Structure formats: structure tokens, C-alpha cells
Asks: 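Pasting a structure here, questions to come.
Counting starts at 1 for both ligands and their atoms, in listed order. Just so you know, these numbers come straight off a predicted model, no measurement behind them.
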Amino acid sequence: MKFPAEPFKIKVVERIKTTTRKTREKLLKEAGFNIFDIPAEAIYVDLLTDSGTAAMSDNQWAGLMIGDESYAGSKNYYRLEKTVREVTGYEFVIPTHQGRVAENLLFSTVCKSGMIVPNNTHFDTTRANVKANGAKAMDLPIAQALDPALDYPFKGNMDVKALDKLLERDRSKVPMVTCTVTNNSAGGQPVSMQNIREISDVCKRWKVPFFLDCARFAENCYFIRERESGYDKKSVKEIALEMFSYADGCWMSAKKDALVNIGGFLAMNDGELASLLKQKLILIEGFPTYGGLAGRDLEAVARGLIEGLDEDYLHYRTAQVKYLGESLDRGGVPVVKPIGGHAVFIDALTFAPHIPQSQFPGQALIVNMYREAGIRGVEIGSLMFAEKDPDTGEAHYPDLELVRLAIPRRVYTTMHMHYVAESILKIFHEREKMRGFELIYEAPVLRHFTCRLKEL
Ligand code: P61
């Protein structure tokens, strides 16, 4: 079945409220048209992120009840360690309370000023942690990743030739090669096993460690099974084990594919590195058998990791995202192709060509989605990324102006996706009415979180 029904029954429900258009207009004005400032209770379908927003299963909730809250040696830690070893094959397992702490521990340990960390595309917290430690975060996506309309099966891949050239020129400056699966910043697109194998070969040749940012590894491995020759008869679990075998370690924000509301970890084979990371962990997160989490949270991550690899779930999960993407595509809405694993990305420059990038067309769509239908997405374009030239003050705009609709896991039904598609199609048909925005307040860093805007 192309679009399977949900492979679960609903045991507990959370009421979501509908609001009137008048209320939404008022809230938008009060928030300075910044969607981060709208109370979540006033949102009908919240597609801001797929991170930490999953619905846990009855099995995970049951796991919370056997949380062992011992300061040291909690039984839930040992269960997590065993599960991570089974899934990744790595020996040393270090829990953290979320992904960016794992990044902080790792990059503050391996990076020095002037170093370079390559990645297919750094996610923003990864980039920030590399930069905060004096190193340069270098993105090496394949050229196909930059064309939103191009349908290519593994648009998340890294340009391995460029990696090889970089190492030939600057091997001594590269402490580690990293790869993000799936490639979130490039549209939630998967990385092929062949690409991971090639990255691994280059890393071995230059004797440089290779780590995976594996927040969405299960979705990535499901796509490998669906799209890469030679994998259709393997289980997603086997594919994952093979993928991890080509790297030396990984870090994970468990808030994605491990289906929890909080949690993360690092895992690796290098005992010396693990020991350095644990020393830092004690300083900032806690004892190495809890890493900033309660014992019950460790149990939920362990159980979620296994559930996240369930193939019925992964089939439904990727199909639900595809259902939304294809519904929009059929109606003529320009979406990034192929549809990614955790989100649908709309190309706002093509959606509203009458709004110049200086007037934030992505944000205009975000505001209209909320005003028309109570839906929240996130702008990934000029509001988030435009940079001013420090000398001339001239603005440089990003190549892509996207709106991301990230789908929380097991939370919304496919009828919610239908509602989202219909609402966006209505805006699309009346798109010439959309107006641009002007900034009236911006903070010096990460302005999209706190800025205020005026509708033109
Ligand atoms: C997201 F607007 N992602 O996509 P943490 N690696 C990868 C991620 O996708 C990721 C992290 C590491 C988020 C949450 C988010 O400005 C933002 O557990 C591939 O969130 O620390 C997170 O994991 C970091 C959204 C984060 C944002 C920062 O929605």
C-alpha cells in the first residue's frame, strides 16, 4: 500500500483547540509576526519541528515506571548501553540530555582554533558548536543537493572528491570528518550506503576519524532499503549496523528517531576519546551513567531506539510525509524533491515570486499558514540566514528560501496532513494577495527567534 494506515491504535489523546481567524490575527500582531512567539496552545497543527515532539508508545511509558534513579550504575543505563551497542556496534556509550550537548563535548575535545570540520551539511547546532571551538564548519554537499526541483534518490550525499581534495591540502587541520544522516539542512534527504562507504575509505586513507550525526539514522536506512540496489532484502536493523560499521562513532539527538521527548548520546570505539568525553560530561551534564537524564528517560530512549527501527512504523512514517508532499506537489505547490524523511520543504521563492528576498517570502508563507489555518512551520531562508557584509552593510541572501513543515512522529493522523495540504493549496491559489515583511527589531545573533516584523 502506498499510503498505509497508521500502524497503531490511539490510547491517550491530547485536545487541540481551533481558534478563530480574528484571534490568530490578534496573536500574530502581538507576536510581531514572529511564529516562535505564538503560544503553542493557539496552534492547531504544529509542524515547527520533529524534534522532541514524538508521541511515546505504551511500551515507552511503561518503561518510565521502571526508571532506576540511582546516581551511579542505574539499570536503565546498562539497558541503553546494550541497545546502542546492538544498534550501532560501538563499544563506548555516553548519554547526554540532547544532541547539541554531545556536539559540545565532541567538538570542544577534538577542535582547536584554525581547524576544519567537513560534513555533508552541518545542522545549525553542529555548525555553532564547531565554530564556538574556533574551527571552520565546511559543508561538502553534492551539487544535486542545491537544485530543489531535481529528483535524485540520495541528495543528502557528500561530495567525496571534494573531501579527498580537502584532506590532500589540509589533512593536518581536519580533526574529524562528519556526516549527517539524513541530511536535515539539505531537505531531510538520505545519504547512500555507497557514499558512506566512500567517505569511510577516504578517511581511512588519510587516517582521520569519521563520525555520523545520526539523529535520523532509521529513516536514512529505510530509504537505503527502498532506493539502493542490493539492500531490498535486508532488514533496516542490518542496514543500520552496516552503516555504522563504516564510521568510528556517532552522536545522536534521540529526540528524533529514538521517539523520545528528551535524550541523546555519543557512541564510539575509541576508548581514549570516550574517557576524555566522560570527564567533560561530569563537568556539564552529570555522572557517565546518566548524562543529564533521569533513569526513566534512559529507558525510554533504549525502547524508542528499537521502536524507531520497526519497519511497519518506518513505512507509515515516510509515507505520511510523502502523502503531504505529494498532495502539495499535485496541486502545483513547489516542493523540494524527492520528499524527505521527516519534513516537506516548500520553495518560497517560486511559491511567491512577487515578494523579493529582502521582504522575506518564506516568512510571508509562514504567517499566512497560521493566519488562514492555525498551522505552524518554520522559515529556513533569508530571515534565518541572510548575512550583512560587515563593511558595506549590504545583505547577502541564501540560495534557497524554504519553508519547512516537519512532521512530529506518531502525533498527527494523515487526515491532519490532508488538512495542512488543503490549507496551503488555498493560500497558493490566492498567492498574489501575500505581502512581504520588513524587520522592525533584530537581535545580533539568531535573529529569527526573537525578531519583530511589520507586514508591508
Ligand atoms: C530540528 F530550529 N534538530 O531539526 P538537539 N543534529 C541534527 C539535528 O537535526 C538537530 C541536532 C543535531 C532540530 C531541533 C532544532 O535552531 C534549532 O537534541 C541533524 O536539538 O540538541 C536538531 O539536537 C541538535 C531546531 C534545533 C532549531 C535548533 O528541528
Asks: Is K234 paired with E242 through a side-chain N to carboxylate O contact shorter than 4.0 Å?
Replies: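 Salt bridge: yes.
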Asks: Quick check against the 3.5 Å criterion: does D151 have a side-chain atom that pairs as donor or acceptor with the backbone of K337?
Replies: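 No; zero donor-acceptor contacts below 3.5 Å.
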Asks: Identify the closest protein heavy atom to atom 8 (C) of ligand 1: which residue and atom is it, and at what distance?
Replies: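 Answer for atom 8 (C) of ligand 1: F123 CD2, 3.4 Å.
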Asks: Check the angle between the aromatic planes of Y419 and Y44 and answer parallel, tilted or perpendicular using the 30° and 60° thresholds.
Replies: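 Rings of Y419 and Y44: perpendicular, over 60°.
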Asks: Is the F3 ring parallel, tilted or perpendicular to the Y323 ring (thresholds 30°, 60°)?
Replies: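 Perpendicular: the ring planes of F3 and Y323 meet at over 60°.
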Asks: If you count the atoms of ligand 1 from 1 in the order shown, which ones are under 4.0 Å from a heavy atom of D124?
Replies: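 Ligand 1 atoms under the 4.0 Å threshold to D124: 16 (O), 17 (C), 28 (C).
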Asks: Using 4.0 Å as the upper bound for N to carboxylate O, is an ion pair formed by E30 and R452?
Replies: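 No, this pair does not count.
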Asks: For ligand 1, note which part of L48 has a heavy atom under 4.0 Å away: side chain, backbone, both or neither.
Replies: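 It is neither; nothing of L48 touches ligand 1.
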Asks: List the closest protein heavy-atom neighbour of atom 18 (O) of ligand 1: residue, atom name, distance to the nearest 0.1 Å.
Replies: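 Result: S253 OG, 2.7 Å.
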Asks: Any non-hydrogen side-chain atom of D213 less than 4.5 Å from a side-chain atom of H122?
Replies: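 No - every pair of side-chain heavy atoms lies 4.5 Å or more apart.
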Asks: How close does the nearest protein non-hydrogen atom get to atom 20 (O) of ligand 1, and which residue and atom is it?
Replies: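 Going atom by atom, the protein heavy atom closest to atom 20 (O) of ligand 1 ends up being R100 NH2, 2.9 Å.
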Asks: Out of all atoms in ligand 1, which are within 4.0 Å of some heavy atom of E103? Include the element for each.
Replies: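 Contacts of ligand 1 toward E103, numbered from 1: 6 (N), 12 (C).
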Asks: With a 4.0 Å cut-off on heavy atoms, is H342 in contact with ligand 1?
Replies: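 For ligand 1, residue contact (heavy atoms, under 4.0 Å) with H342 is absent.
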Asks: Look at atom 6 (N) of ligand 1 and say which protein heavy atom is nearest, naming residue and atom and giving the distance to 0.1 Å.
Replies: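 The closest heavy atom on the protein side is D213 OD2, 2.9 Å.
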Asks: Consider every N or O of N184 and every N or O of ligand 1, then say whether any pair is closer than 3.5 Å.
Replies: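 Indeed, backbone or side chain, N184 has an N or O that close.
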Asks: Looking at atom 2 (F) of ligand 1, what's its closest protein heavy atom, distance included?
Replies: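 Nearest protein contact, heavy atoms only, for atom 2 (F) of ligand 1 is F449 CZ, 4.2 Å.
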Asks: What do you reckon, does T125 have a nitrogen or oxygen under 3.5 Å from a nitrogen or oxygen of ligand 1?
Replies: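 N/O-N/O distance below 3.5 Å does not exist for this pair.
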Asks: As a check for students: among T180, N119, T49, identify the option with a heavy atom nearest to atom 29 (O) of ligand 1.
Replies: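 Checking each option, the heavy atom nearest atom 29 (O) of ligand 1 is found in T49.
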Asks: Could you check whether R216 pairs with D257 (Lys NZ or Arg NE/NH1/NH2 to Asp/Glu carboxylate O, under 4.0 Å)?
Replies: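 Result for this pair is no, no salt bridge flagged.
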Asks: Would F217 and F244 satisfy ring-ring contact (aromatic ring centres under 6.0 Å, His included), going step by step from the backbone distance to the final call?
Replies: CA-CA 9 Å; F217 78 98; F244 286 115; 5.5 Å; yes
Asks: What are the atoms of ligand 1, with element, lying closer than 4.0 Å to any heavy atom of G99?
Replies: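 So the answer, numbered in order with elements, is 5 (P), 18 (O), 21 (O), 23 (O).
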Asks: Does even one non-hydrogen atom of R404 get within less than 4.0 Å of ligand 1?
Replies: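 So R404 counts as touching ligand 1.
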Asks: Count the heavy atoms of every other residue, nucleotide or ligand shown that sit under 6.0 Å from NZ of K278, and state whether that count exceeds 12.
Replies: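 Atom NZ in K278 is packed in, count exceeds 12.
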Asks: Between F351 and F428, does a ring-ring contact (aromatic ring centres under 6.0 Å, His included) hold up when you go through it step by step?
Replies: CA-CA 7 Å; F351 191 103; F428 185 62; 5.0 Å; yes
Asks: Is it true that W251 lies under 4.0 Å from ligand 1, counting heavy atoms only?
Replies: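 It does not, in that no heavy atom of W251 comes within the 4.0 Å cut-off of ligand 1.
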Asks: Near K255, which atoms of ligand 1 are under 4.0 Å from a heavy atom of that residue?
Replies: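 Matching atoms, with element in brackets: 18 (O).
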Asks: Check whether E238 reaches the backbone of S235 with its side chain - one donor and one acceptor, N or O, closer than 3.5 Å.
Replies: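 It does hold such a pair.
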Asks: Where is the nearest protein heavy atom to atom 3 (N) of ligand 1: which residue, which atom, and how far?
Replies: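 Protein heavy atom with the smallest distance to atom 3 (N) of ligand 1: K256 NZ, 3.0 Å.
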